[in-house]
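Protein chains get the first letters and strands the later ones, always in sequence-line order, with residue 1 at the start of each. Atom set for the values below is all heavy atoms of this structure, side chains included, hydrogens, waters and symmetry mates excluded.
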Amino acid sequence: MNNQQVAEIFDRMGDMLEIKGESIYRVLAYRKAAESIRSFGLAIQQVWENGQLRQIPGVGEAIESKIDELLKTGKLGYYEKLKAEIPESLVEVLRVGDVGPKKALRFWRELGITSVEGLEAAARAGRLRDLPGMGTRSEAKILENIEALKKRQTDRILLGIAWPVARGLLERLREITWVTAAEAVGSLRRWRETVGDVDLLVASHKPRDVMSAFVRFPEIARVLGQGDTKGSVELANGLRVQLWVHPPERLGTALQYATGSQAHNVRLRELAQDQGFSLSEHGFKRADGKEILCSEETKVYDTLGLPWIPPELREDRGEIQEARAGRLPNLVRLEDLVGELHAHTNWSDGRHTLEDMARAALASGLRYLVITDHSRSLGVANGLSIERLREQSKVIDEVQRSVKGIRLLRGAEVEILADGRLDYPDEVLAELDLVCASLHTSLRQPREKVTARLLGAIENPHVDMIGHPTGRLVGSRDAADLDIDPILQAAAERGVALEVNASPDRLDLSDVHARRARDLGCLIAINTDAHRPEHFDLRIYGVGVARRAWLGPDQVVNTWPVDHLLAWLRGRGGGG
DNA sequence: GCCGTTTTCGGCCCGACTGTTTTCAGTCG
């Protein structure tokens with residue numbers, strides 16, 4: 001059982017306990033444990049085998065023994081007991097907007113509803129309106145929310161889809177006369193790999209006017225709520241957008257609040273309490289009612305005696321303790337990246353010529369580019385035979401003569417074959433400046449086998465980098481079943497760089513794995529895996545992952561000047 | 001259920017918005 005699966009069970013138990021009316025703190029404890037397990041850098045199985053479950057934040061005596069039972073027997077008596085009390089399908093009803101634990105319980109107890117389908121039928125039959133606290137309006141709203149739920153394919157959308165939407169809306173919000181600032185907040189600003197909705201914050205003294213202008217934007221299909229400081233809408237494509245409006249003199253606290261994460265905010269508010277304040281999106285307040293306003297976010301942290309914490313770190317993963325101790329990491333920035341180590345051309349499955357890609361990389365500010373087309377066995381991607389690879393090498397030299405200002409290097413994205421061999425013999429790999437080894441096929445092999453393939457590639461002295469190490473696609477394909485920690489350790493020992501693939505549907509390594517890689521001292525490369533010129537712009541997403549992983553520029557090889565990079569590669573036995 | 005340079009017990013963030021209500025419960029973030 002992996003971390004995600006264990007976390008899922010604790011989340012479900014949390015939902016069931018909440019429906020049952022258990023203490024909210026007990027419910028929150030289950031959810032905190034679930035989130036912690038999900039974002040823990042080590043495989044839960046391994047942590048369990050080492051008897052270190054209590055090292056996971058939020059896991060105490062009771063939850064430890066539940067995890068133990070679950071991993072030992074594959075079952076959990078307490079979970080089974082809950083399922084006997086509360087229909088498990090009832091938790092699905094919680095996904096409908098405006099339906100929380102209280103209503104879910106009532107629907108089940110009084111109307112026998114145990115599923116979203118059942119809820120829909122009851123609403124259509126007009127059976128919800130007569131329940132206490134309900135009426136025709138709430139009944140109609142629930143029907144609308146069920147429709148919206150069906151239209152939404154998944155609960156969370158890719159960051160790479162949400163950002164362009166957010167940028168478009170922000171641009172239009174800034175055009176509104178009374179708006180003095182507009183920013184993306186929430187998980188977007190924290191660069192989480194997926195977002196549940198798009199959160200936006202604007203500064204203005206005319207909140208009502210701003211709000212009514214906003215809800216009239218043409219792409220808005222439905223207004224879910226509209227108040228003075230907060231409005232919530234749904235776009236035609238089902239994406240939900242939330243807008244907060246606060247006066248400029250309170251923008252700092254509002255920005256801090258709306259950026260989250262919720263767990264981070266709770267920690268800050270606890271700190272505020274310790275210092276005799278109450279902290280909210282509006283400002284700091286003393287018991288005597290006296291307020292401290294913050295127009296800047298830095299002042300919020302300063303008031304709490306902390307340095308400003310970058311949004312990407314605000315997940316309650318130790319950032320507050322480190323900030324307190326003055327040990328916040330110096331995070332890598334987009335402008336630190338000077339090279340791209342993974343790019344394709346029309347020699348394999350790219351769409352553009354080598355020269356086009358070189359010029360595009362130069363135009364996007366890069367100083368070096370490694371051409372890494374696919375190797376021979378990847379037929380669907382028009383992988384290069386050894387002859388074509390050598391031919392390409394000459395073309396790289398030619399293009400280098402005509403394109404100045406960017407250093408072109410010879411590389412390849414070499415298949416790690418199903419039996420663990422690499423797709424080119426060592427003497428061919430030795431001719432290249434950089435070898436990126438990647439898995440594209442046989443990702444569903446058993447754990448030992450697929451782990452051994454990666455370990456084997458790392459052990460090969462010609463391999464400099466592992467491309468998209470786990471093979472996952474965000475939200476659509478699970479990672480290969482890997483024993484990730486030994487892989488990270490081997491890469492750290494051998495000085496092989498691990499890729500953070502910046503393509504929004506990969507983001508592989510993930511933030512959690514990259515954080516573990518960072519802690520183990522692995523070298524990291526932030527690459528776009530560009531197949532088209534515009535893909536070089538995607539590196540901002542890889543930077544987001546790296547920052548969430550607490551990575552600084554020194555550990556990221558493509559922040560190094562080309563001479564430094566070449567020295568590293570030569571030291572590894574590359575051609576150079 | 002978890003957790004502690006004030007605590008091993010008694011705390012556990014704070015507010016907006018909606019709908020159904022005459023003061024609030026439920027939901028959401």
Side-chain angles (χ1 to χ4, degrees), chain A residues 10 13-15 17-19 21-36 53-67 78 93-107 128-142 144-145 185-188 190 195-201 207 211 223-233 240-246 250 253-254 256-275 277-285 304 316 321 324-325:
Chain A
F10 279 91
M13 287 196 292
D15 286 344
L17 289 168
E18 193 176 22
I19 292 172
E22 278 284 346
S23 150
I24 188 63
Y25 298 111
R26 194 160 169 225
V27 172
L28 291 174
Y30 276 69
R31 295 201 178 128
K32 164 77 185 165
E35 181 50 35
S36 238
L53 287 172
R54 295 288 279 275
Q55 311 254 325
I56 302 173
V59 174
E61 200 181 335
I63 291 183
E64 178 189 35
S65 81
K66 289 188 173 66
I67 299 174
Y78 186 66
V93 172
L94 297 177
R95 297 175 63 216
V96 177
D98 295 326
V99 178
K102 299 290 197 315
K103 285 183 190 164
L105 181 68
R106 178 154 274 165
F107 293 157
L128 302 184
R129 63 184 65 170
D130 298 328
L131 293 175
M134 297 280 299
T136 51
R137 298 183 66 139
S138 13
E139 186 177 80
K141 231 176 157 182
I142 283 175
E144 279 182 34
N145 289 331
V185 288
S187 36
L188 264 179
R190 303 199 312 277
V195 300
D197 58 9
V198 167
D199 294 311
L200 306 173
L201 168 66
M211 203 58 84
V223 179
L224 303 171
Q226 181 183 355
D228 274 357
T229 65
K230 194 171 132 187
S232 182
V233 301
R240 277 179 293 186
V241 180
Q242 189 146 243
L243 179 71
W244 283 278
V245 188
H246 285 271
R250 297 179 190 268
T253 38
Q256 194 291 309
Y257 156 75
T259 299
S261 65
Q262 199 157 348
H264 177 87
N265 287 359
V266 167
R267 299 297 298 274
L268 284 197
R269 288 174 176 193
E270 284 169 359
L271 276 186
Q273 278 197 322
D274 292 346
Q275 298 175 28
F277 293 111
S278 158
L279 170 61
S280 79
E281 55 267 48
H282 305 292
F284 289 93
K285 210 185 239 175
L304 294 169
D316 192 21
Q321 296 89 311
R324 247 175 162 167

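- Taking 4.5 Å as the limit, some side-chain heavy atom of A/Ile142 sits within range of a side-chain heavy atom of A/Phe107.
- Counting any heavy atom pair closer than 4.0 Å across all strands shown, A/Tyr78 reaches sugar-phosphate atoms only and no base atom.
- Rounded to whole Å, the C1' atom of B/dC12 lies 22 Å from the corresponding atom of B/dA16.
- Comparing B/dG15 with B/dT21, their P atoms are spaced 28 Å from each other, to the whole Å.
- Comparing A/Met134 and A/Glu281, the nucleotide of DNA chain B nearest to each residue sits closer to the 5' end for A/Glu281.
- Using a 4.0 Å heavy-atom cutoff across all strands shown, A/Pro101 reaches sugar-phosphate atoms only and no base atom.
- Between the side chains of A/Asp316 and A/Gln262, not a single donor N or O lies within less than 3.5 Å of an accepting N or O.
- If you check every strand for non-hydrogen atoms under 4.0 Å, A/Ile24 touches nothing.
- Ranked by how close their nearest DNA chain B nucleotide is to the 5' end, A/Trp244 and A/Glu270 are led by A/Glu270.
- Within 6.0 Å of atom CD in A/Gln321, more than 12 heavy atoms from other residues, nucleotides or ligands are found, so the atom counts as buried in its surroundings.
- The partner of B/dT8, taking Watson-Crick or G-U wobble pairs whose two distances both stay under 3.5 Å, does not exist in any strand shown.
- The 12-atom threshold is not exceeded at CZ of A/Arg137, counting heavy atoms of other residues, nucleotides or ligands nearer than 6.0 Å.
- Contacts of A/Tyr257 with the nucleic acid, taken as non-hydrogen atoms under 4.0 Å apart, include base atoms.
- No contact: A/Ser232 has no heavy atom under 4.0 Å from any strand.
- By the side-chain hydrogen bond (donor to acceptor under 3.5 Å, both in side chains) test, A/Ser187 is found to be paired with no residue, residues two or more places apart in sequence or in another chain being considered.
- Contacts of A/Asp199 with the nucleic acid, taken as non-hydrogen atoms under 4.0 Å apart, are absent.
- The separation of B/dC13 from B/dC3, taken at their P atoms, amounts to 15 Å, rounded to a whole angstrom.
- Residue contacts shown for A/Lys66 are limited to sugar-phosphate atoms, with no base heavy atom under 4.0 Å away.
- Here the separation of B/dA25 from B/dG11, taken at their P atoms, is 22 Å to the nearest Å.
- Counting heavy atoms from C-beta outward, A/Arg31 and A/Asp15 have side chains that approach closer than 4.5 Å.
- Side chains of A/Tyr257 and A/Arg269 form a contact here, defined as non-hydrogen atoms less than 4.5 Å apart.
- Heavy atoms of A/Gly97 sit under 4.0 angstrom from primed sugar atoms or phosphate atoms, though from no base atom.
- Taking atom C1' in both B/dT6 and B/dC14, one finds a spacing of 24 Å when rounded to whole Å.
- Residue-level contact check: A/Thr253 touches neither bases nor backbone, having no heavy atom under 4.0 Å from any strand.
- In this structure, A/Leu188 and A/Val198 have side chains that are in contact, with non-hydrogen atoms separated by less than 4.5 Å.
- Nucleotides B/dT5 and B/dG1 place their C1' atoms 24 Å apart, quoted to the nearest Å.
- Within the 4.0 angstrom heavy-atom criterion, only backbone atoms of the sugar-phosphate kind lie near A/Val99; the bases stay farther away.
- A/Lys32 comes within 4.0 angstrom of nothing in the nucleic acid, heavy atoms only.
- For DNA chain B, the contact window with chain A, defined by any atom under 4.0 Å from a protein heavy atom, covers B/dG1 to B/dG29 in 5' to 3' order.
- Rounded to a whole angstrom, the distance from the P atom of B/dC2 to that of B/dC17 is 36 Å.
- Residue A/Asp98 is classed as a sugar-phosphate contact, given heavy-atom separations below 4.0 Å to backbone atoms only.
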